[in-house]
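Values below: every heavy atom of this structure, side chains too, minus hydrogens, waters and symmetry copies. Every value quoted in this text rests on a predicted model; they were computed, and no experiment measured them. Numbering starts at 1 and runs along the sequence shown.
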Amino acid sequence: MLASLGTTLSIELLELAFTHGSYSREFGGVPTNERLEHLGDSVLELIITGELYKKFPDVDESRLSKMRAGLVNNPALVPIAKELELGQYLRIGKGEEITGGREKNSILANAFEALVGAIYLEKGYEVTEAIILKWFKPAIESSNALDLGMDAKTALQELVAVMNLNPPEYELTEFGPDHDKSFKAVVVVSNEKFEVGEGKSKREAEQAAAKFAYDKLSARTS
């Protein structure tokens, strides 16, 4: 299980990390990943904060906070969770299974944070830090540029121009009932499609998609 993790964890802890509340409700109230998620969120913030502090010594605390917020939110966590293929390991209820719970951004992000918590509990801070920084290296490298007064769509526009690629195009779809619509956006750059961004508004979805594309493309230039 999770050969790409870079370390080994006990089956019991992994199962806990991937147990969603919907599974617990259907199978007699077994423990869920919520406590591990809470722990992982704190560990993740500490590691990212420390790395930003060391990497950008001239950046003040206000911008450091913004950079950290951009790195530890759901749009930043989901691509890593998908790369690790966490969806296939989730323990979810039948209802969530039917509605595509294994691909839901919120469930994947929460499972990722729970996994971080599990690694920390079993392997300690230093091992967790090394793994997290490996996963987040491209996003950390690009975080300063995204914070320099640019939103993700603007930053992506400038990056593709530097790389001599075609301007980004956005494919937008909506889903959900009329009273609670959500949106999905896909960025296409020179015929290449990137991660799907989701949001409660068109702008939020496009910004999330642009951030995914920016991180992927900027990693190719480093």
Side-chain angles (χ1 to χ4, degrees), residues 41 44 48 52 56 59 63-88 90 92 96-113 135-222:
D41 177 63
L44 186 59
I48 295 299
L52 292 175
F56 303 109
V59 174
R63 279 182 54 210
L64 283 175
S65 294
K66 291 179 183 178
M67 292 163 69
R68 179 185 63 196
L71 287 165
V72 298
N73 60 18
N74 282 12
L77 304 186
V78 170
I80 302 174
K82 288 183 176 181
E83 189 171 332
L84 293 170
E85 299 181 336
L86 298 191
Q88 67 177 300
L90 291 173
I92 56 178
E96 284 292 350
E97 191 78 68
I98 292 171
T99 58
R102 295 185 185 277
E103 294 297 321
K104 287 184 179 178
N105 285 357
S106 59
I107 294 178
L108 286 171
N110 291 346
F112 176 80
E113 290 178 335
W135 288 341
F136 278 81
K137 182 179 179 180
I140 290 173
E141 294 289 345
S142 67
S143 63
N144 198 34
L146 281 175
D147 188 57
L148 293 177
M150 292 185 285
D151 61 21
K153 289 181 69 174
T154 305
L156 177 62
Q157 184 83 23
E158 295 200 0
L159 179 62
V160 299
V162 170
M163 297 177 71
N164 292 316
L165 300 173
N166 293 337
E169 299 177 354
Y170 294 85
E171 298 177 353
L172 198 67
T173 57
E174 59 182 55
F175 60 98
D178 288 340
H179 67 278
D180 188 27
K181 281 195 178 299
S182 295
F183 298 87
K184 292 182 179 180
V186 176
V187 180
V188 182
V189 178
S190 294
N191 296 319
E192 180 178 0
K193 289 188 176 184
F194 292 87
E195 295 280 352
V196 175
E198 294 185 15
K200 299 303 290 183
S201 68
K202 294 178 181 179
R203 182 183 184 281
E204 184 179 350
E206 289 180 349
Q207 288 288 343
K211 176 66 166 59
F212 295 156
Y214 183 95
D215 288 344
K216 291 286 187 181
L217 288 172
S218 62
R220 298 174 189 176
T221 66
S222 59

May I have the list of side-chain donor-acceptor pairs in residues 168-177 shorter than 3.5 Å, sequence neighbours left out?
from	atom 1	to	atom 2	distance (Å)
E171	OE1	K193	NZ	3.3
E174	OE2	K181	NZ	3.2

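- Listed by chain and residue number, nothing satisfies the side-chain hydrogen bond (donor to acceptor under 3.5 Å, both in side chains) test with N164 (two or more places apart in sequence, or in another chain).
- With hydrogens and angles ignored, the 3.5 Å screen pairs no side-chain donor or acceptor of R68 with any backbone N or O of I48.
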*Take F112 and L84, measure what side-chain contact (heavy atoms from CB on, under 4.5 Å) needs, and give me the verdict at the end.*
CA-CA 9 Å; F112 176 80; L84 293 170; 4.2 Å; yes
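- Residue K82 places its NZ atom among more than 12 non-hydrogen atoms of other residues, nucleotides or ligands, all under 6.0 Å distant.
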_Would R102 and E96 count as a salt bridge (Lys or Arg N to Asp or Glu O under 4.0 Å) here? Give the steps._
CA-CA 8 Å; R102 295 185 185 277; E96 284 292 350; over 6 Å; no
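- Although no hydrogens or angles enter the test, the distance criterion places no donor-acceptor pair under 3.5 Å between the side chain of E198 and the main chain of K184.
- Put simply, the side chain of N73 gets close to the backbone of A76: a donor and an acceptor are under 3.5 Å apart.
- S190 contributes a side-chain N or O that, together with a main-chain N or O of N166, makes up a donor-acceptor pair within less than 3.5 Å.
- Listed here is the closest heavy atom pair of K200 and S182: NZ-OG, 3.0 Å.
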*asked:* The test is side-chain contact (heavy atoms from CB on, under 4.5 Å); show your working for F136 and I80 and say whether it passes.
replied: CA-CA 8 Å; F136 278 81; I80 302 174; 3.6 Å; yes
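- Contact check for V160 versus M163: no side-chain heavy atoms found under the 4.5 Å cut-off.
- Within the 4.5 Å cutoff, the side chain of L108 has no heavy atoms near those of the L77 side chain.
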_Trace of the side-chain contact (heavy atoms from CB on, under 4.5 Å) decision for I140 with M67_ = CA-CA 9 Å; I140 290 173; M67 292 163 69; over 6 Å; no
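- For the pair Q207 (side chain) and R203 (backbone), a donor-acceptor distance under 3.5 Å is absent.
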*Determine, step by step, whether K153 and Y214 satisfy the side-chain contact (heavy atoms from CB on, under 4.5 Å) criterion, reporting the C-alpha distance in whole Å, the side-chain angles of both residues, the deciding distance to 0.1 Å, and the verdict.*
CA-CA 8 Å; K153 289 181 69 174; Y214 183 95; over 6 Å; no
